[in-house]
There are 2 protein chains.
Amino acid sequence: MPTESRPRAPDAESRAERKERTRRAILDAALALAADSNLAAISLRQVAKQVGVVPTAFYRHFGSLELLGLALVDESFRSLRLMLLDVWRHAPEYRDFIDGSLPIVAQHVRENRTHYAFIARERVAGPPRVREAITHEIELITRELSTDIARSGAAEHYSSTDIALLADLIVSFVVTMAERLVEDPDSEARILAQARTQLRMLLVGALSWRSREPAAGAEARDD
Amino acid sequence: MPTESRPRAPDAESRAERKERTRRAILDAALALAADSNLAAISLRQVAKQVGVVPTAFYRHFGSLELLGLALVDESFRSLRLMLLDVWRHAPEYRDFIDGSLPIVAQHVRENRTHYAFIARERVAGPPRVREAITHEIELITRELSTDIARSGAAEHYSSTDIALLADLIVSFVVTMAERLVEDPDSEARILAQARTQLRMLLVGALSWRSREPAAGAEARDD
DNA sequence: CAGACGAGTGAACGTACGTTCACTGGAAGT
DNA sequence: ACTTCCAGTGAACGTACGTTCACTCGTCTG
């Protein structure tokens, strides 16, 4: 039996399509409102008004504002992880890692500014469940970076716990950098240039801190 | 002429004293409410209720919630700077710097948890003016750390701009650490131990990243 | 001692909030 | 064709919000 018995109108949307469209509109409206600086906790009614729908309709899609927040966290980190997969795949060498990865991260922040603004805000000021979800996602990324560092063999003389600490150091720094890019998008070039130098300070030093002789590429610097 | 013409009751407060007491109570109540996880923007009425005063009385002390926020930022950073002065005075050597300074910072966070929680939250989620004030204060601290690093001669082969970047790296890291201490006070020991190692990774490496031979104390490590 | 001052009061305003409930009307299922 | 389903409606609820205003009444001042 066919799913739709009367596919008369070719440009018409199915009921499921319309629902998904409204759901997306709610997510986007929530992001847009979260990007505005006023409130950390966004208002259900504001979201509904922006979507052009009555407040009650919200509950057809999300049981509460908190669940909407969790959905946004999920969505934000899904795209972020895709980006990171791409970064790590194309970064076998550390000199390349910094110069190659930072612009990709910056581009992703630029193209998903509302997501990052939401995450940055809710990470410290959101409802507890949302905060926990964000913290957990960042921990997962740190863990993945740890295994990636270990697999790359860049830190042979590191214990596994020290590798984890190094990964945490890098992730924390990038989180801070992303926050700055969100806060002041016009200064992207300056923020990136500074972060490039700082990450090099951090990595070149950290990768040689336990060894007596410099690690591979540690003393290579030409500018 | 005496300020008080009839000092009859010895335990009675002057009008100015009572006003100051209420002002302090408002500041404390606002901090206590900001420590709770619910709202980034605290409510004037909640503050008044906690103080045990009618909402209108608030305006005798602060023109708006934003001005109250700015007062709290001021107060928080005043005590923070006093602590930092103490830290920097007793840290002429870098090995000592880490082991000596981190516990002091941790103690200060522990003893002023509500202040730090307020700053951490409002830094990214507060009203724009409050956010700017916090950013500015942190920049001032970074600048002071820069001059302190330069004066100490620890980074002779650094350009002044690179010293500023190093200082920013350190301050950003400590801000992140403070946020974690606020979020999870029970893990203070673990957070501190990890931060100790990470700061050593960062500093030992960074201080030698431009020089061919290791900087003073860079290779000293015994655990 | 008498008047000015000013911290705190109490009522009232308009607005916005989250959530509930019964409902409508068109698409989906049979 | 007839029924079921369900995204969206609209009114209503109780509560909380920031801000205003005229006021009290103890303290300070001249």
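A note on names: the letters A, B, ... follow the listed sequences, proteins ahead of strands, and every chain is numbered from 1.
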Give the rounded distance in Å between these two atoms: [atom1] of [X] and [atom2] of [N].
| X | N | atom1 | atom2 | value |
| --- | --- | --- | --- | --- |
| B:Y59 | C:dG8 | OH | C1' | 15 Å |
| B:L65 | D:dA16 | CG | P | 17 Å |
| B:Q46 | D:dT15 | CD | P | 16 Å |
| B:E17 | C:dG6 | CD | P | 17 Å |
| A:K49 | C:dA16 | NZ | P | 6 Å |
| B:F62 | C:dA7 | CZ | C1' | 14 Å |
| B:L67 | D:dT19 | CG | P | 11 Å |
| A:L44 | D:dA16 | CG | P | 18 Å |

| said: Measuring to OP1 and OP2 of D:dA16, would you say a side-chain N or O of B:S43 lies under 4.0 angstrom away? | reply: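 Answer is no, no contact under 4.0 Å.
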
| message | Between A:S187 and A:R190 (side chain of the first, backbone of the second, donor and acceptor by atom type, cut-off under 3.5 Å), is there such a pair? | response |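 Not at all, since once roles are kept as given, no pair shorter than 3.5 Å links the two residues.
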
| task | May I ask you to decide if A:E75's main-chain N or O and A:S79's side chain share a donor-acceptor pair within less than 3.5 Å? | result |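 Not confirmed, A:S79 side chain does not pair with A:E75 backbone.
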
| With a 4.0 Å cut-off, would you call B:D86 and B:R89 a salt bridge? |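 Looking at B:D86 and B:R89, the cut-off is not met.
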
| said: According to salt bridge (charged side-chain N to carboxylate O under 4.0 Å, His left out), does anything in residues 100-117 of chain B pair up with another residue at least two apart or in another chain? List the pairs. | reply: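 Passing the test, one end in residues 100-117 of chain B: B:R110-B:E188.
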
| request: Would you mind listing every salt bridge (charged side-chain N to carboxylate O under 4.0 Å, His left out) that reaches into residues 170-183 of chain A, with sequence neighbours excluded? | output: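 Passing the test, one end in residues 170-183 of chain A: A:R123-A:E179, A:E179-B:R123, A:R180-B:D168, A:E183-B:R131.
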
| Can you give one letter per nucleotide of nucleotides 5-12 of chain D, going 5' to 3': B for a protein heavy atom under 4.0 Å from the base, S for sugar-phosphate only, - for none? | BSBBBBBB

| request: Have a look at B:I191 and tell me which of B:V109, B:L181, B:D186 forms a side-chain contact (heavy atoms from CB on, under 4.5 Å) with it. | output: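 Passing option: B:L181.
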
